Amino acid sequence: MIDRVFSTVVFAAAALVVAALVWVLTDVVSEGAARISWAFLVTEPRDAGRAGGIAPVLVSTLWVLVIALAAALPLGLGVAIWLSEFAPKQRGFAAYTGITLDVLAGIPSIVYGLFGNAFFSVYMGLGYSLLAGGLTLACMILPVFIRTCESGLRQVSDDWRQGAWALGMTRAAAVCHVLLPAARPAILAGLVLGIGRATAETAALLFTSGYVDRMPESPLDSGRVLAVHIFDLSMNVTGGDGAAYGSALVLIVLIVLLNGLAQSLVDNWFKRRISQ
Amino acid sequence: MMAKCLDHLRSKDGRWNASLALLTAGMVALLLTILLFLMSEAWPFLISADTGHGGNRLFTNLLQNPGWYPLEGRFGLAPMILASLAVMLGAILIALPLGLINGIYLEFYASAAFARGFRLLLNLLAGIPSVVFGLWGLTRLVPWITQWQPPGASLLAAILVLSLMILPTIALTSASALASVPRELHTGAIALGLRRTSQIIHIMLPAARSGIVAGTILAAARALGETMAVLMVAGNVVQIPATLFEPVRVLTANMALEMAYAVGEHRASLFASGLLLTLVVWGLSWMAYRLGRHQRKFARHD
Amino acid sequence: MMIDQPTAAYTLGEMEQKAACCVPSPILQVRDLAVYYGNNAVLADVSLDIHKGCITALIGPSGCGKTSFLSTLNRLTDYHPGVQVRGQILFDGHNLRQESVDTLALRRRIGMIFQRPNPFPLSIRRNLDLPLKEHGVRDPHLRKRKIKQALKDVGLWDEVCDRLDSSALSLSGGQQQRLCIARALVLEPEILLMDEPCSALDPISSRVVEELIMRLRGRYTLVIVTHNLAQARRVANYVGFFWMRERVGKLIEFGQCRQLFEAPTDALTAAYVSGAQG
């Protein structure tokens, strides 16, 4: 009897959650699909975004993402490699760095926005620009990216390290040719997490890359990313909901596409390293 | 000593080690820079003595609630701090039981195929941008609440949207906490002839407790730091809400709304609230870390 | 200091006689070697000679420092934080424990095989190609030739020549271990250190690897750690017996294979090889 009641409650709760989540998803997909067309993607917005498309917004989004990844990936991989392969184990500086990363990962995104505004926009004189926004995002995604890559490298079997050393390979060669390819899934997961967070981020970009919805000509121009566009359309533009849903669907599809792209790029790159 | 260092740098590994260590030092410098800038921007607000009360402005602001009139130099953060806490607690209150039951469902009730689909859905929703949740809340939830109790954009709307956002996280972390409970414990409970409900409630849940709590605290930290979704549905009126249906403004929304035009002490007050928020989130993460470590120890022990 | 003199070919001795394979000519001379983890000695007072072209087996119960001993010989201990090595190891008359020794070049001359086969998660070809490239063999044709030769030496060529580009992890355990041996051989080392090379393999693969080891005698100097007394007896020219005394690993007896198994001088050795102890 009690078992019956309990399992009914469990199934009802699961159904409720599934229903709510499916509701959100279908809403976004159906409302958005009604709005999306080729013209929507390639034309400039008109009438504060109610009409027209999102071309400059897409371009700004990609700019910010590219800048963020270009800054975060090499830096993040480098730090992860040092922490897992070179640093003295769990002592002194390396341990402090670990704590530092966890602390950085805990800062809310809006606070990264405040920092980015104070440091990149004002102190470094970049103003409201795609560069300032991208660098702010890089700071934001770095800690998690480093942590995922580091733990992926640490999980690589010590047998391979020993094997490489016993063959007289340098640590650096072991990392490049053996350990990084072996840690591929974790690096990919870190990359996907980073892309997801960077593409979805709004709060950190409000006062770093700005609102301007013109087509950016250089990374020093201000530009409006998709997430900010959605926010602006739904909050500040009456009658902008349709375009907002269209942009929301584009944003979700973009994230999924970028993840797929990252996956195939990383796979290809490593495949070349693995066979040759 | 010096010669040894130079010798070290001559080898390939030595160069790698040195340059990567330098990069890592850069990461630490980044954290220091972030803290330094937040502090220095917030400094004018933190040290300014309130002429009227003679005490430190931060504390008078926190305790005596003179209201938020930044243009008149009155920076009462209390209503927004309370609103932030209320939104967070409300979201946890809804999302924790639901998420926990869904975790139980995933681990003990769902068929393998359905569990896989459900996990996929939860992961997908965990990856949806918060601004999309905000948009959905604004165009679906808020009009719906308006019909019932205007104005619609309210504490309740914020709580509902936020709980929907953190639900997937809580469900997934509780499922994995339950999965990490040693098999023998479950087999033992079955061998004792305990009924299924008792197995789950009296054996499995207590064993997975610290993992579940850690996941919940992390979700709470996320709820507290969330900006866009709450900003879009909460109505953003600075007040201490008397009912669920009144609009509120949380700390993060305040920063997002006023940063664009804030100058001087007003700007400093926003940075100070950012610093405050960060400290609270750190505290929560630290608690989650301690509890998570306990769970891991437990899992290793058996 | 560079260690790079070429070594001469050796004459094979008669297997059946279980005697030294050649006129004993030490290539490695270990004197008063001790290994410490932190402040605890795990191995002390080890002195022995490894002779050119011979197979030296190290036997004894697990945990008595045989593996630690082996990894001092190619300075792999450098990578283990907290490990300290004392004593002297002469390789061709030079102490290889000196700071100035080029350890990368040293490990090219002294290869190592591990208990668990550890081919890199790369293709079969790249597993052999990578170490060659790392040691500066630029000519791709030369590398190709060397790879083919190494695979033939371990008897793997016929089994894998049509799938060199598939993953090394797709091979069976025995094939993986032979690939690891090929990977060490491709660098043309003088000495091969083997840490229980057969213990993680099934009986048939183990037999194949053992036969391979016997074929390597004469061309290479082999040092094998093994738990398998019968194996040591089958393959070795010289045997060293390790045992724990007061929680420190010691070399109890070292000598020619037949002498150690049939007429051990130490009572402990006698008990161990007859199966009474250990």
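All values below were derived from every heavy atom in this structure, side-chain atoms included, with hydrogens, water molecules and symmetry-related copies excluded. The model shown is predicted, which means the values in this text are computed figures rather than measured ones. Numbers restart at 1 for each chain; the letters A, B, ... are given by sequence-line order, proteins then strands.
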(request) First locate atom CZ of A:Phe120, then atom OG of A:Ser209, and finally report the distance between them rounded to the nearest 0.5 Å. (result)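 Atom-to-atom, A:Phe120:CZ and A:Ser209:OG are 13.0 Å apart.
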(message) If I take atom CH2 from residue B:Trp286 and atom CD1 from residue B:Ile217, how far apart are they, to the nearest 0.5 angstrom?
(response) 10.5 Å
If you count heavy-atom pairs within less than 4.5 Å of chain A, which of [options] leads?
{"options": "B:Leu231, B:Leu167, B:Leu224", "value": "B:Leu231"}
{"options": "B:Leu36, B:Leu135, B:Thr33", "value": "B:Leu135"}
{"options": "B:Asn102, B:Thr278, B:Ile101", "value": "B:Asn102"}
{"options": "B:Ile104, B:Leu270, B:Leu122, B:Leu98", "value": "B:Leu98"}

Largest heavy-atom contact set with chain B, pairs under 4.5 Å, which of [options]:
{"options": "A:Ala173, A:Ala172, A:Pro108", "value": "A:Ala172"}
{"options": "A:Ile81, A:Val122, A:Val175, A:Val24", "value": "A:Val24"}
{"options": "A:Leu104, A:Leu249, A:Val9", "value": "A:Leu104"}
{"options": "A:Leu206, A:Ile107, A:Asp102", "value": "A:Ile107"}
{"options": "A:Thr202, A:Asp27, A:Ile252, A:Leu142", "value": "A:Asp27"}
{"options": "A:Ala200, A:Ala248, A:Ala118", "value": "A:Ala118"}

When you compare the side chains of [X] and [Y], does any donor N or O come within less than 3.5 Å of an acceptor on the partner?
{"X": "B:Asp13", "Y": "B:Asn17", "value": "no"}
{"X": "A:Ser84", "Y": "A:Glu150", "value": "no"}
{"X": "B:Ser130", "Y": "B:Glu226", "value": "yes"}
{"X": "A:Ser30", "Y": "A:Tyr245", "value": "no"}

(message) Can you list the residues of residues 20-31 of chain B that sit under 4.5 Å from chain A, counting heavy atoms only?
(response)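 Hits under 4.5 Å: B:Leu20, B:Ala21, B:Leu23, B:Thr24, B:Ala25, B:Met27, B:Val28, B:Leu30, B:Leu31.
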(request) Quick one: list whatever passes salt bridge (Lys or Arg N to Asp or Glu O under 4.0 Å) with A:Asp3, sequence neighbours left out. (result) none
(message) Could you check whether A:Trp82 and B:Trp16 have their ring centres less than 6.0 Å apart?
(response)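 Centroid separation for B:Trp16 and A:Trp82: 6.0 Å or greater.
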(request) Determine, using ring centers only, whether A:Phe207 and A:Tyr128 are less than 6.0 Å apart. (result) no
(message) Can you classify the ring geometry of A:Phe115 versus A:Phe119 as parallel (below 30°), tilted (30 to 60°) or perpendicular (above 60°)?
(response)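 Parallel: the ring planes of A:Phe115 and A:Phe119 meet at under 30°.
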(message) Taking the cut-offs as 6.0 angstrom to the six-membered ring centre and 45 degrees off its axis, would you call B:Arg196 and B:Tyr109 a cation-pi pair?
(response) yes
(request) Would you mind checking which part of B:Arg267 comes under 4.5 Å of any heavy atom in chain A, side chain (CB onward), backbone (N, CA, C, O), both or neither? (result)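 For B:Arg267, the side chain is the part near chain A, not the backbone.
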